[in-house]
Amino acid sequence: MTDAFIPKNIIVTGGCGFIGSNFVHYVVNNHPDVHVTVLDALTYAGNLENIKPLLGDQVEFVHGNICDAQLLDELVPGHDAIVHYAAESHNDNSIADPEPFLKTNVEGTFRLIEAARKYDVRFHHVSTDEVYGDLALDDPAKFTEETPYHPSSPYSSTKASSDLLVRAWFRTYGLRMTISNCSNNYGPYQHVEKFIPRQITNIIEGIRPKLYGDGLNVRDWIHTEDHSSAVWTILTQGRLGETYLIGANGERNNLTVLKDILRVMGQPEDAFDWVKDRPGHDRRYAIDATKLRTELGWKPTHTDFESGLRATVQWYVDNPQWWEPVKAATEAKYKAQGQ
Ligand code: NAD
Ligand code: TDX
């Protein structure tokens, strides 16, 4: 293990989104001596409410776009690390309209690594297991750091592009960087466009949940707090230039997850609609996190999916003011797509 990096003043891009805001909460709860500057454009997916109670001496908010090189020139100097979460993150949106994904995920990452290089700031790039494409349901293999890149969707191909840019900046310019590729997250503050929150909030509103295709696609679920602890571990202890996969052995097919949600919410297991499949729908994701566990000693703590799911359901039940304002428009968009 290399010497620990002790950050004091970090920029978190996308810190008003689902995973970024959970990371800001994680830092505040676990590292009160670290100052956090959240840089977020507040797109449809960003909500300042996610971090509002944290704003003050430790957490500062800057409303801006990661593609804005001039803003980065003003903001980055004086910080010692950038933890880069900001992205267009939803596959279905990328299929309907890929352009914003190119802009934010590729150009935005380029602007950030240029600023990190210019001001010699450490860079942690948050990415996804989707860069590896998919696995067959009966394949005993899981993704490792050695799996070749084979992205399927406009979203995952832009994330793959951004990973390759960050790697090239390490090799060519010696950018002090690490990359993590994580599996599907669940937990509080996730936008209602995503699978688990969409179904929970549908049930609350009396709308039948919607399952794509045959429902047998497998995702490898991890609680977002475990993702945060893994990113912190990699930022502070990871070896420069390295990629670490993050996952918590949470493979489940979508039908099983939906039945879990229905059961937890007291509904019959068949109270949902089958809808048309996502074009190019990845069949299965599965992460082998041996490198992160053995080299850096990281372990997940939310290992009971059912109890994590119950807590997540409760969060959406308790916080209708958070999701109700965007629910109708999200469902209208899906309806227009036949989903
Ligand atoms: P999200 O869509 O909930 O949040 C994205 C945030 O980025 C929002 O606050 C948005 O306002 C901000 N943003 C978007 N474009 C921006 C721009 N140009 N400039 C500044 N801010 C901008 O996404 P998420 O689900 O929290 O994902 C965060 C990161 O984690 C992404 O990089 C994603 O690829 C990665 N990831 C997500 C998952 C998952 O399961 N959701 C899994 C693995 C990796
Ligand atoms: O209504 C739905 N019905 C359904 O069956 C929705 C919204 C999704 N699905 C399926 C599609 C996927 O197989 O559920 C699965 C999960 O879908 P999403 O929540 O859209 O996630 P996914 O496409 O797997 O990507 C997520 O994990 C990896 C994140 O959105 C990405 O940002 C991350 O990189």
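First listed ligand is number 1; within each ligand, the first listed atom is number 1. Index from 1, following the sequence.
- Remark: ligand 2 atoms within the under-4.0 Å shell around heavy atoms of Leu211 are 5 (O).
- Of all protein heavy atoms, the one closest to atom 39 (C) of ligand 1 is Ile19 CD1, 3.5 Å.
- Ligand 2 has Glu193 within reach: a non-hydrogen atom of the residue lies less than 4.0 Å from it.
- Scanning both residues, Ile207 and Glu331, for their nearest heavy atoms gives CD1-CG, 4.4 Å.
- Scanning the protein heavy atoms around atom 3 (N) of ligand 2, the nearest turns out to be Lys210 O, 2.9 Å.
- Here the protein heavy atom with the shortest distance to atom 40 (O) of ligand 1 is Asn185 N, 2.9 Å.
- Atoms SG and CD1, from Cys182 and Ile19 in turn, are 6.5 Å apart once rounded to the nearest 0.5 Å.
- For Arg167, there are no salt bridge (charged side-chain N to carboxylate O under 4.0 Å, His left out) partners at least two apart in sequence or on another chain.
- Contact annotation: for Lys159 versus ligand 2, there are no heavy atoms closer than 4.0 Å.
- At a heavy-atom cutoff of 4.0 Å, ligand 1 is contacted by the side chain of Lys159 but not by its backbone.
- Between the side chains of Tyr334 and Asn202, no donor N or O sits under 3.5 Å from an acceptor N or O.
- What sits closest to atom 5 (O) of ligand 2 on the protein, heavy atoms only, is Tyr212 N, 2.8 Å.
- Residue-level proximity to ligand 1 for Tyr44 is absent, since no heavy atom of it falls below 4.0 angstrom.
- Of the heavy atoms in Gln339, none comes closer than 4.0 Å to ligand 2.
- From the protein, the heavy atom lying nearest to atom 12 (C) of ligand 2 is His281 NE2, 3.4 Å.
- Considering backbone and side-chain N/O of Asn217, none are found under 3.5 Å from N/O of ligand 2.
- For atom 19 (O) of ligand 2, the nearest non-hydrogen atom of the protein is Phe195 N, 2.9 Å.
- With a heavy-atom cut-off of 4.0 Å, Ser183 touches ligand 1 through its backbone alone.
- Note: an N/O pair closer than 3.5 Å links Asp40 and ligand 1 by distance alone.
- Under 4.0 angstrom from ligand 2, the non-hydrogen atoms of Arg198 all belong to its side chain.
- Inclusion of Tyr334 in the set of residues having an N or O under 3.5 Å from an N or O of ligand 2 is not warranted.
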